[in-house]
S.K.: 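One structure follows; several queries about it will come next.
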Amino acid sequence: MDWTSAQLRSLVELTRRGTITAVAEALGYTPGGVSQQIAALERATGWQLLRRVGRRVELTDAGATLARHAERILTTEAEAVEALERTRNEISGTLRVGLFATAAAEILPPALRQVRERHPGMTVRSRDMDVDEVYDAVAGGTVDLALGLDYPDVPIPRDPSLRVRELSRERFSLAVPAGAMPGRRTVSLADAGQLGWILPSAGSYYGRAVLTVCRRAGFEPQALHEVTDTAATLALIEAGVGVGVVTDLMLRLRPSCLDVLDLRETMERHIVVVCRSFAEHRPTIAALVEVLARTAHPGRPPSRTAAGPLNPPT
């Protein structure tokens, strides 16, 4: 059959994500580009692969059958690339990396500097994505490896086709507007139970982890603002409108005038690197993982304190 890997990947991603728009976002195409890939695949096979159902599309029986085989074809292709790489005496080639915003700002830049020095034949292309989507992106072959997060209180489900390696651990602290809890260096989450909170989406792994720890401490946090962006969260805390949990790496994203208090409860997140199991020992991937492991250990930023009231919830 005269088809391309890009066409097969578009079909496989459609089975994973359900809509042309979602596939386009995952692969970096336009929706029209994805539709063209599928149409070209239909011409190559001579079969109708999609049908319209109202405003949606769904796979035909032929489309579902080809998608199952396409996944195996793409896996075999990736295994062939790995085997070819093993024949080289040098580390070279292009890797596609998925990563979340904090990693893009704090981990990737120093890692890329080391890659240029140690492995000048390697090219790294990165894509910023939602941290909860990096596992699917690796499994689907959209990226070769990804930096992600795992929370012991709400662990990411493990896919046997993926290899997850822990790079570092971060413990959460409580960030409050400066002067909101004077004289306190260590607190319990329950001490801030009656204050307004800036929380991530309750549907995210991060949001579920925060809620799990708070409930274990005996209270339900009142979410005044539901915010995913770390810099926005820090800005809101600095403005005195609520409190939130932070890590040292998160604090590096935005210099802020606020107080950071140690927590008696243990709440952690693990920074991990994810790749497909069969590609774990691929020379380029192994080399990049080694570099990432050396650069994923943040230190606590300098003290950040300023005067400002905490506005309690009304």
Side-chain angles (χ1 to χ4, degrees), residues 98-103 106-107 129-139 146-160 162-176 181 184-234 236-237 242-253 258-275 292-293 296-300:
L99 66 169
F100 57 100
T102 312
E106 294 295 330
I107 298 176
M129 58 181 59
D130 185 284
V131 68
D132 287 353
E133 295 180 356
V134 300
Y135 295 85
D136 284 343
V138 176
L147 283 165
L149 294 172
D150 199 14
Y151 299 90
D153 293 291
V154 186
I156 300 289
R158 292 298 189 256
D159 184 332
L162 301 180
R163 184 74 68 220
V164 179
R165 174 180 169 180
E166 181 183 310
L167 298 180
S168 66
R169 298 185 179 192
E170 287 196 295
R171 184 163 175 167
F172 281 89
S173 303
L174 182 69
V176 303
M181 304 181 78
R184 308 292 293 273
R185 292 183 177 273
T186 302
V187 295
S188 170
L189 282 167
D191 295 336
Q194 299 305 311
L195 302 177
W197 283 71
I198 295 113
L199 294 175
S201 167
S204 67
Y205 281 98
Y206 177 26
R208 288 161 57 194
V210 175
L211 288 174
T212 297
V213 177
C214 287
R215 288 166 180 168
R216 196 162 60 226
F219 77 99
E220 189 78 12
Q222 180 182 348
L224 291 183
H225 303 279
E226 191 173 280
V227 178
T228 299
D229 182 74
T230 297
T233 296
L234 294 173
L236 288 169
I237 297 171
V243 303
V245 292
V246 296
T247 69
D248 292 340
L249 191 60
M250 293 166 66
L251 288 167
R252 288 183 174 277
L253 282 181
L258 44 80
D259 290 341
V260 179
L261 309 176
D262 293 330
L263 286 172
R264 293 193 181 94
E265 295 86 0
T266 298
M267 179 183 174
E268 287 186 340
R269 71 177 188 177
H270 300 171
I271 298 173
V272 299
V273 63
V274 187
C275 66
L292 290 170
H297 296 278
R300 173 161 287 197

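This one's a predicted model, so the numbers in the text were calculated from it and none came from an experiment.
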S.K.: I'd like to know if the side chain of E265 reaches the main chain of A217, judged simply by a donor and an acceptor atom lying under 3.5 Å from each other, with no hydrogens or angles considered.
M.R.: no
S.K.: To the nearest 0.5 Å, how far apart are CE in M250 and OG in S173?
M.R.: 10.5 Å
S.K.: Given 3.5 Å as the limit, does a donor-acceptor pair link the side chain of D259 with the main chain of M181, or not?
M.R.: no
S.K.: Is it true that D262 and R171 have a side-chain N and a carboxylate O under 4.0 angstrom from each other?
M.R.: no
S.K.: Between C214 and W197, which heavy-atom pair has the shortest distance, and what is it?
M.R.: SG-CH2, 4.4 Å
S.K.: Is it true that a side-chain atom of D136 and a backbone atom of E133 form a donor plus acceptor pair closer than 3.5 Å?
M.R.: no
S.K.: Between V134 and G148, what is the shortest heavy-atom contact and its length?
M.R.: CG2-CA, 3.9 Å
S.K.: Let me confirm one number: the CZ-CE distance from F100 to M129, rounded to the nearest 0.5 Å.
M.R.: 12.5 Å
S.K.: What's the separation between atom CG in L249 and atom CD in E106, rounded to the nearest 0.5 Å?
M.R.: 5.5 Å
S.K.: Any chance you could lay out the side-chain contact (heavy atoms from CB on, under 4.5 Å) test for E166 and V164, step after step, and finish with the verdict?
M.R.: CA-CA 7 Å; E166 181 183 310; V164 179; over 6 Å; no
S.K.: Closest approach of P155 and Y205, non-hydrogen atoms and distance?
M.R.: O-CE2, 3.9 Å
S.K.: Does R158 pair with D150 as a salt bridge, N-O distance under 4.0 Å?
M.R.: yes
S.K.: Quick one: OH on Y135 to CD1 on I156, what's the gap to the nearest 0.5 Å?
M.R.: 4.5 Å
S.K.: How close do A192 and V243 get, counting heavy atoms only, and between which atoms?
M.R.: CB-CG2, 4.4 Å
S.K.: Given L167, which of I107, V273, V272 fulfils the side-chain contact (heavy atoms from CB on, under 4.5 Å) condition?
M.R.: V273
S.K.: Nearest heavy-atom pair of L211 and P221: which atoms, and what distance?
M.R.: CD2-CG, 3.7 Å
S.K.: Only counting residues at least two apart or in another chain, list the ones meeting ring-ring contact (aromatic ring centres under 6.0 Å, His included) with Y151.
M.R.: Y206
S.K.: Atom NE2 in H225, atom CG in L199: separation rounded to 0.5 Å?
M.R.: 10.5 Å
S.K.: So L189 and M267, side-chain contact (heavy atoms from CB on, under 4.5 Å) or not? Walk me through it.
M.R.: CA-CA 10 Å; L189 282 167; M267 179 183 174; 5.7 Å; no
S.K.: So, taking the atom named OG1 in T102 and the one named CD1 in I271, what distance separates them when rounded to the nearest 0.5 Å?
M.R.: 8.0 Å
S.K.: Looking only at heavy atoms, which two atoms of D153 and T266 are closest? And how far apart?
M.R.: OD2-O, 4.5 Å
